Peer 1: 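Next up is a structure, given as structure tokens.
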Protein chains: 2
Amino acid sequence: MVRRKLVAQRAGVSEATVSRVLNGVDGVKEGTRKKVLEAVEALGYRPNAIAQSFVKGRSGNIGVIVPHIPQVHLFSTHYFGEISSGIAVGLSKYRLHMLLLFYQSDDPDQVLHAFESRKIDGCIVLGANEKTRGIESLKAAGCPVCFVSHRDEDPLTSYVDTDNVNGAYLATSHLIKSGHERIAFLNGPLMYTNSVDRLEGFQKALADAGMHFDPALVLQGNYSRTSGYAAVAHFLAINPIPTSVFVANDRMAAGFILGLREVGLRVGQHVSLVGYDDADIATITDPPLTTIRVPFFEMGKRAASILVEKIGRGESSQGEKIRLPAELIVRESSQSVRQL
Amino acid sequence: MVRRKLVAQRAGVSEATVSRVLNGVDGVKEGTRKKVLEAVEALGYRPNAIAQSFVKGRSGNIGVIVPHIPQVHLFSTHYFGEISSGIAVGLSKYRLHMLLLFYQSDDPDQVLHAFESRKIDGCIVLGANEKTRGIESLKAAGCPVCFVSHRDEDPLTSYVDTDNVNGAYLATSHLIKSGHERIAFLNGPLMYTNSVDRLEGFQKALADAGMHFDPALVLQGNYSRTSGYAAVAHFLAINPIPTSVFVANDRMAAGFILGLREVGLRVGQHVSLVGYDDADIATITDPPLTTIRVPFFEMGKRAASILVEKIGRGESSQGEKIRLPAELIVRESSQSVRQL
DNA sequence: ATGAAAGCGCTAACAA
DNA sequence: TTGTTAGCGCTTTCAT
């Protein structure tokens, strides 16, 4: 392998000068610079990133923490693909890389170990909730953390979320404006801040429209398609059956549609439905979902820059909290409806 | 940060002994070992992985290369989630990590650079095809490579694939056994070895059943749902319209179902359909898809071990080629059918 | 403008 | 059984 020494010899300069040229340190004579660059080119030299990391005391890797398999229903391809691409783009500016880590029940300290052993300089956490294990010890160890799609109000940690309160508000208001007076809400578990916020937005929309909030109209799922399917039974048990439903994510919405179809009820015809996420599944369902678009790519990109900046500012610097706007996408699942 | 020196001091031994204990080198007196371990524990010492990498000349990271966004339709959550989890599990035995890299048109040499700068010791490539850029230079640079779901017959490279010939054979035979005599085949681009193999299996099944292979019954998609949708027009233009279709992946199958529905044709009733992958979408479609299950998790796991072993064996060692079996999953999309 | 030299924290060969 | 020591390839001060 070609090392710096060889380049220095070929260019007839010292190794330090080679480094100066490659690191863009100024105060190098143009002629010298050129000689070095030529030698680098001719030899195909590429600095050893590990050695660089070693001396700098930074791995140059950001951990991207995702839930382990059993929770994979939390995110769609769209979700993960968009966020991770966003992160990659965000990190590339800084020549940083993504180390993919799963938080697994059989080894909850995996991420902590990765930080303590300096394999990662900080991390971006996807799909977290209140109960996500190991995050506290990670923060205690001084690991810079940025959550995506999860609020953590600890002043030291950062997050990039969407405005879920407003997203839910838009979804609910859309149904209200379409003339619905009985709107059910199929939410996810309240351990997710997303769920808490969406509930708040739902209630706010009702309140602003002068409508009564009836807890009996709130159903509970776990963001999986199956749980959406299962919720249909509870929905039908409500008396009278609501004419519309706001479902807290598109996967549950897909299950919900299926469940209704089995009892002969068609979404967009008998029942209006609004989902959330604008995941890829939203255009596959029949009918396609009216939903709330979440800018996942942008979120990933922002998370990357926020985290990198935080790492630069040092251990005890404040975290940054960002909420990007959500947007209503109207499709056929929320067509106006005849009474049941 | 706690360093080895401090541990050595506290344990009253030399730094070398600390390393010996931590690396499980034997020939250390039990009492000494204990003292060291206690000091490690008390101080919360964790060896600096970068320094270890540095002296060993290995990053301890495996690149996981995935297609960039525009090609994201190539894989579903299921695909990526399963494979990457498999890789993670496979690598954890060796205490290796996954560096996530995208092959992007704007920087085709990104992966090469990662290898040359020693950020990765080898890589696992997902979603590759014949035209995937940059792989040749990567191999030329001596980077150990293992493909998943793609054959590369270069003796030095490895792959883990499924037996796509047999998979397609099973799918087609299933339709033949159900009494279909005109079976269309919606394939993906032939730049994917998967497509080539599935075509071969399709033809073989026909031949074994004494049926004629009619090229006019072969349609072309690109594995996206949209292309499946678009293929319906061509399918309907075939005269007479085939009674069944084998679709080379589930996403196209989902689009195909939608397209047929728009002209009033229902899969599982008017047309029998078999998909491929057993992706998560296979149970979401209406009707659920009869399909070929691909053991993605297992593939990822195998790819990890194969690659690690290859790295251990050194640069010019032979690659390993593995094909795991595929399995037919019968659901409702291939119910027997009345003639059109 | 450039070179010399001191480390970064560890592994492993060599001594004792 | 344990300690001493020479690097690993680079960045960065400090001299020149």
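Chain naming here is simple, since letters A, B, ... match the order of the sequence lines and numbering starts at 1 in each. Because only heavy atoms are used, hydrogens play no part in the values below, and waters and symmetry mates are left out as well, while side chains stay in. Source: prediction; values computed, not measured.
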Peer 1: Does A:Ser53 place a side-chain N or O at less than 4.0 Å from the phosphate oxygens OP1/OP2 of D:dC10?
Peer 2: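 For D:dC10, neither OP1 nor OP2 has a side-chain N or O of A:Ser53 closer than 4.0 Å.
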
Peer 1: Report the distance from atom CZ of A:Arg58 to atom P of C:dG9, rounded to the nearest whole Å.
Peer 2: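 Distance, rounded to whole Å: 14 Å.
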
Peer 1: Just how far, in rounded Å, is P of C:dC8 from CZ of A:Phe54?
Peer 2: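 My rounded result for the distance is 8 Å.
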
Peer 1: Starting from P on C:dA12, measure out to CG on B:Leu22 and report it in whole angstrom.
Peer 2: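 Those two atoms, CG and P, are 13 Å apart.
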
Peer 1: Does A:Ser317 reach the main-chain N or O of A:Arg313 with its side chain, forming a donor-acceptor pair under 3.5 Å?
Peer 2: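 Between the backbone of A:Arg313 and the side chain of A:Ser317 there is no qualifying donor-acceptor contact (under 3.5 Å).
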
Peer 1: Over all strands shown, is A:Val13 touching base, sugar-phosphate only, or nothing at heavy-atom distances under 4.0 angstrom?
Peer 2: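 Contact class for A:Val13: sugar-phosphate only.
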
Peer 1: Measuring from the side chain of A:Lys29 (C-beta onward, heavy atoms only), which nucleotide among C:dT2, D:dG3, D:dG9 has the closest atom?
Peer 2: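 Of the candidates, C:dT2 comes closest.
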
Peer 1: Between C1' on D:dG9 and CE on A:Met1, what's the gap in Å once rounded to a whole number?
Peer 2: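 Atom CE in A:Met1 sits about 13 Å away from atom C1' in D:dG9.
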
Peer 1: Would you say the base of D:dG9 and the side-chain of B:Arg118 have a donor-acceptor pair closer than 3.5 Å?
Peer 2: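 Such a pair does not exist between side chain and base.
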
Peer 1: Which is it for B:Glu153 and B:Tyr159 under the side chain to side chain donor-acceptor pair (under 3.5 Å) test, yes or no, and what are the steps along the way?
Peer 2: CA-CA 9 Å; B:Glu153 302 302 354; B:Tyr159 66 75; 3.2 Å; yes

Peer 1: Examine distances only and state if a side-chain atom of A:Thr193 and a backbone atom of A:Arg151 form a donor-acceptor pair shorter than 3.5 Å.
Peer 2: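 It does hold such a pair.
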
Peer 1: Measure CD1/A:Ile50 against C1'/C:dG9 and give the value in whole Å, please.
Peer 2: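 The distance from CD1 of A:Ile50 to C1' of C:dG9 comes to 14 Å, rounded to the nearest Å.
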
Peer 1: A:Ser85 side chain to A:Gly81 main-chain N or O, any donor-acceptor pair under 3.5 Å?
Peer 2: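 Here the side-chain-to-backbone pair exists.
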
Peer 1: Which part of the nucleic acid, if any, lies within contact of B:Val55, taking any heavy atom under 4.0 Å across all strands shown: a base, the sugar-phosphate backbone alone, or nothing?
Peer 2: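 Since a base atom lies under 4.0 Å of B:Val55, the category is base.
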
Peer 1: Write down the distance between CD (A:Glu15) and P (D:dT13), rounded to a whole number of angstrom.
Peer 2: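 After rounding, the gap between these two atoms is 18 Å.
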
Peer 1: Quick one: is D:dG3 close enough that its OP1 or OP2 comes under 4.0 Å of any side-chain N or O from B:Thr17?
Peer 2: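 So the side-chain polar atoms of B:Thr17 do come within 4.0 Å of the phosphate oxygens OP1 or OP2 of D:dG3, strictly under.
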
Peer 1: Please give, in whole Å, the distance from D:dG9 C1' to A:Lys56 NZ?
Peer 2: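 About 13 Å, once rounded to whole Å.
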
Peer 1: Side chain of A:Ala51: nearest nucleotide among D:dG9, C:dT2, D:dT12?
Peer 2: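 Closest nucleotide among those given: D:dG9.
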
Peer 1: Drop me the distance from A:Ile83's CD1 to A:Phe297's CZ, to the nearest 0.5 angstrom.
Peer 2: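 A:Ile83 CD1 to A:Phe297 CZ: 11.5 Å, rounded to 0.5 Å.
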
Peer 1: For A:Gly57, which contact category applies under a 4.0 Å heavy-atom criterion: base, sugar-phosphate, or nothing?
Peer 2: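 Answer is nothing: A:Gly57 stays at 4.0 Å or more from every strand.
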
Peer 1: Check whether any side-chain N or O of A:Tyr45 sits under 4.0 Å from OP1 or OP2 of D:dC10, and answer yes or no.
Peer 2: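 So the side chain of A:Tyr45 is within the cut-off, an N or O lying under 4.0 Å from OP1 or OP2 of D:dC10.
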
Peer 1: Side chain of A:Arg3: nearest nucleotide among D:dC10, D:dT2, C:dC10?
Peer 2: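 Output: D:dC10.
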
Peer 1: Could you tell me how far apart A:Asn23 (CG) and D:dT13 (C1') are, to the nearest whole angstrom?
Peer 2: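 Atom CG in A:Asn23 sits about 15 Å away from atom C1' in D:dT13.
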
Peer 1: State whether the side chain of A:Asn129 and the backbone N or O of A:Thr132 hold a donor-acceptor pair below 3.5 Å, judged by distance alone.
Peer 2: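 Yes, A:Asn129 side chain to A:Thr132 backbone: donor-acceptor pair under 3.5 Å.
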
Peer 1: Here's a test of your reading of the structure: between B:Glu30 and A:Asn48, which maps to the more 5' nucleotide of DNA chain D?
Peer 2: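 Closest to the 5' end, via its nearest nucleotide, is B:Glu30.
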
Peer 1: Map B:Ser19 and A:Ala16 onto DNA chain C by nearest heavy atom, then report which one ends up closer to the 5' terminus.
Peer 2: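 Its nearest nucleotide lies further toward 5', so the answer is A:Ala16.
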
Peer 1: Is A:Thr32 near enough to C:dT2 that one of its side-chain N or O atoms lies under 4.0 angstrom from OP1 or OP2?
Peer 2: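 It does, given that an N or O in the side chain of A:Thr32 lies less than 4.0 Å from OP1 or OP2 of C:dT2.
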
